[in-house]
Colleague: 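The structure follows.
Read the numbers this way: they start at 1 and go in the same order the structure lists the ligands and their atoms.
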Amino acid sequence: MPAHIIDGKALSQTLRADVARRAAALSAAGRQPGLAVILVGDDPASAVYVRNKVKACADNGLHSVLERYGADFTEAALLQRIAALNADPRIHGILVQMPLPSHISALKVTEAIATHKDVDGFSVHSAGALMAGLPGLLPATPYGCLKMIESTGQPIKGRHAVVIGRSNTVGKPMALLLLQANATATMCHSSTPDLALHTRQADIVVAAVGRRHTVTAGMVKPGAIIIDVGINRDEAGKLCGDVDFDAVREVAGWISPVPGGVGPMTITMLLVNTIQAAEAAA
Ligand code: NAP
């Protein structure tokens with residue numbers, strides 16, 4: 001029997017309904033949750049991402065501010081804008097869209113955002129809180145993946161989870177979240193000599209590489225949960241993930257598609273974080 005599809009759009013709708021309910025409750029108390037999104041430069045993909053984030057806010061009762069600056073905007077000016085937004089009581093979350101132009105330090109910018117407004121969860125403080133098992137804002141993509149894994153109804157505790165990719169924004173926090181949920185977590189990366197050796201033993205695989213067909217049917221344990229974070233294009237220019245979806249679907253128990261999987265969940269978890277930050281401020 002082919003794998004169950006983990007429908008990120010459907011799960012997002014359920015979670016966004018809860019976001020909208022909480023946003024309405026905050027607004028009724030005169031504390032409408034607010035997200036500031038800053039875009040520097042003219043990267044077309046980034047422009048689409050920020051538009052989608054702003055639209056998701058509007059659709060769910062959050063106030064949002066989009067600040068767009070040219071590629072020549074200085075680091076000092078950007079840091080000044082972040083300081084102003086840190087002090088603005090109508091703003092509960094600040095997101096600076098990556099990548100930034102090369103003359104701006106992404107680390108400086110991330111660290112300039114007040115910890116309680118760091119809805120991307122990328123700051124050293126947020127990463128440290130996750131590492132230490134302390135409460136904090138979680139990076140949206142791995143947080144969304146965790147929700148998708150939970151949505152299968154399968155236990156995570158005691159399972160073997162393999163995360164492919166070790167970026168600070170996806171792979172590492174994903175492995176920490178799975179560890180926190182009492183999975184045995186293995187992290188693989190480009191220097192892992194035999195990736196299949198690990199994935200074949202995994203009850204849960206999260207692929208966050210950015211390379212098509214990184215996970216093929218022969219690499220998957222029958223019945224496993226497969227979460228595909230990757231965003232790639234096939235020869236025809238069609239969007240696809242890191243997993244050979246059609247073949248793996250015949251072996252896995254659950255699988256998330258691309259598109260319609262992790263993508264919508266990432267924006268949803270950004271909204272969840274903004275609501276959480278606004279509720280904490282209230
Ligand atoms: P990244 O920073 O480029 O990290 C990629 C990771 O994959 C690295 O840790 C790299 O290992 C590892 N890797 C590369 N080739 C490998 C191989 N052959 N075998 C095993 N591991 C390998 O990328 P990222 O930011 O984590 O993103 C990963 C993918 O997810 C991208 O396609 C990105 O577009 C997508 N993404 C999607 C969403 C969404 O919302 N859907 C959000 C974020 C990212 P090394 O560390 O050894 O180099």
Side-chain angles (χ1 to χ4, degrees), residues 5-9 11-12 15-16 37 43-53 55-56 95-100 106-107 110 119-122 126-127 130 138-149 161-178 185-202 205-216 218-220 226-234 237-245 248 255-273:
I5 304 296
I6 305 175
D7 183 342
K9 268 196 201 156
L11 182 55
S12 273
L15 293 171
R16 287 186 196 199
V37 181
D43 177 46
S46 294
V48 174
Y49 293 148
V50 298
R51 251 204 323 271
N52 290 342
K53 287 167 187 173
K55 181 175 182 307
L95 181 152
V96 179
Q97 186 64 43
M98 301 292 165
L100 286 166
L107 180 65
T110 309
V119 286
D120 251 342
F122 290 170
S126 299
L130 173 59
L138 299 171
T141 300
Y143 191 11
C145 293
L146 184 69
K147 290 283 171 201
M148 293 170 89
I149 297 165
V162 169
V163 178
I164 318 172
R166 57 173 165 181
S167 67
N168 289 337
T169 50
V170 189
K172 274 185 210 161
M174 185 74 248
L176 286 169
L177 285 171
L178 288 162
T186 300
M187 295 183 68
C188 299
H189 44 80
S190 66
S191 299
T192 302
D194 187 352
L195 188 58
L197 179 77
H198 301 280
T199 57
R200 274 196 213 107
Q201 297 170 25
V205 175
V206 179
V209 174
R211 199 190 61 153
R212 205 177 151 223
H213 289 183
T214 297
V215 178
T216 56
M219 296 169 70
V220 170
I226 312 292
I227 306 292
D228 193 349
V229 184
I231 303 177
N232 311 295
R233 299 260 169 202
D234 67 12
K238 216 176 114 214
L239 214 59
C240 64
D242 291 344
V243 177
D244 182 2
F245 182 84
V248 171
I255 187 168
S256 73
V258 178
V262 175
M265 287 298 289
T266 294
I267 297 190
T268 298
M269 301 324 287
L270 171 70
L271 299 180
V272 169
N273 278 347

Colleague: Report the nearest protein non-hydrogen atom to atom 10 (C) of ligand 1: residue, atom name, distance rounded to 0.1 Å.
Modeller: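 For this ligand atom, the closest protein heavy atom is Ser190 N, 4.2 Å.
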Colleague: Looking only at protein heavy atoms, which one is nearest to atom 31 (C) of ligand 1, and how far off is it?
Modeller: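 The answer is Gly210 CA, 3.7 Å.
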Colleague: Can you report which non-hydrogen protein atom sits closest to atom 33 (C) of ligand 1, along with the distance?
Modeller: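 Of every protein heavy atom, Ile231 N, 4.3 Å lies nearest to atom 33 (C) of ligand 1.
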Colleague: Nearest protein heavy-atom contact for atom 40 (O) of ligand 1: which residue, which atom, what distance?
Modeller: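 Checked against all protein heavy atoms, atom 40 (O) of ligand 1 sits closest to Thr266 OG1, 2.8 Å.
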Colleague: Could you check atom 21 (N) of ligand 1 against the protein and tell me its nearest heavy-atom contact, residue, atom and distance included?
Modeller: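 Residue, atom and distance for the closest contact: His189 C, 3.2 Å.
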Colleague: Heavy-atom distance under 4.5 Å between the side chains of Leu177 and Leu130, does that happen here?
Modeller: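 A side-chain contact under 4.5 Å exists here.
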Colleague: Considering only non-hydrogen protein atoms, determine which one is nearest to atom 12 (C) of ligand 1 and report residue, atom name and distance to 0.1 Å.
Modeller: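 I find the closest protein heavy atom is Gly165 CA, 4.0 Å.
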Colleague: If you define the side chain from C-beta out and look only at heavy atoms, does anything of Asp244 sit under 4.5 Å from Val215?
Modeller: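 When only atoms from C-beta onward are counted, Val215 and Asp244 do not touch, as no gap falls below 4.5 Å.
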Colleague: Below 4.5 Å, heavy atoms only, C-beta onward: do Leu138 and Pro173 meet side chain to side chain?
Modeller: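 Leu138 vs Pro173: side chains apart.
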Colleague: Would you mind running through ligand 1 and noting each atom that sits below 4.0 Å from a heavy atom of Arg211?
Modeller: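 Near Arg211, the atoms of ligand 1 are 18 (N).
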Colleague: Would you say Phe122 and Asn168 make side-chain contact, with heavy atoms under 4.5 Å?
Modeller: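 No, every pair of side-chain atoms sits at 4.5 Å or beyond.
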Colleague: Within the 4.5 Å heavy-atom criterion, are Pro257 and Phe245 side-chain neighbours or not?
Modeller: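 They are in side-chain contact.
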Colleague: Could you tell me whether the side chain of Thr141 and the main chain of Val170 form a donor-acceptor pair under 3.5 Å?
Modeller: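 Side chain of Thr141 to backbone of Val170, a donor-acceptor pair under 3.5 Å: no, none is there.
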Colleague: Could you name the option among Val209, Val262, Asp228 that has the heavy atom nearest to atom 13 (N) of ligand 1?
Modeller: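 Comparing heavy atoms across Val209, Val262, Asp228, the nearest one to atom 13 (N) of ligand 1 lies in Val209.
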Colleague: Which residue from Ser167, Pro142, Cys145 reaches closest to atom 2 (O) of ligand 1 through any of its heavy atoms?
Modeller: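 Minimum heavy-atom distance to atom 2 (O) of ligand 1 goes to Ser167.
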Colleague: What I'd like to find out is whether the side chain of Val220 reaches to under 4.5 Å of the side chain of Val205, using heavy atoms alone.
Modeller: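 Val220 does not reach Val205 side chain to side chain.
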Colleague: Return the closest protein heavy atom for atom 37 (C) of ligand 1 as residue, atom name and distance.
Modeller: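 The answer is Val229 O, 3.1 Å.
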Colleague: Considering Arg166, His198, Met98, Arg212, which one's heavy-atom position lies nearest to atom 9 (O) of ligand 1?
Modeller: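 Checking each option, the heavy atom nearest atom 9 (O) of ligand 1 is found in Arg166.
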Colleague: Non-hydrogen atoms of Gly230 versus ligand 1: any pair closer than 4.0 Å?
Modeller: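 Under 4.0 Å: yes for Gly230.
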Colleague: Which value, rounded to the nearest 0.5 Å, describes the distance between Asn232 atom CG and Thr214 atom OG1?
Modeller: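 That separation rounds to 7.0 Å.
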Colleague: Give the residue, atom name and distance (to 0.1 Å) of the protein heavy atom nearest atom 42 (C) of ligand 1.
Modeller: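 Here the closest protein heavy atom is Thr141 OG1, 3.3 Å.
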Colleague: Of the choices Thr169, Val258, Ile164, Val170, which has the non-hydrogen atom that lies closest to atom 43 (C) of ligand 1?
Modeller: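 Nearest heavy atom to atom 43 (C) of ligand 1 lies in Val170.
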Colleague: Quick one: are Gln201 and Val162 in side-chain contact, heavy atoms under 4.5 Å?
Modeller: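 The answer is no, as the side chains (C-beta and beyond) never meet within the 4.5 Å cut-off.
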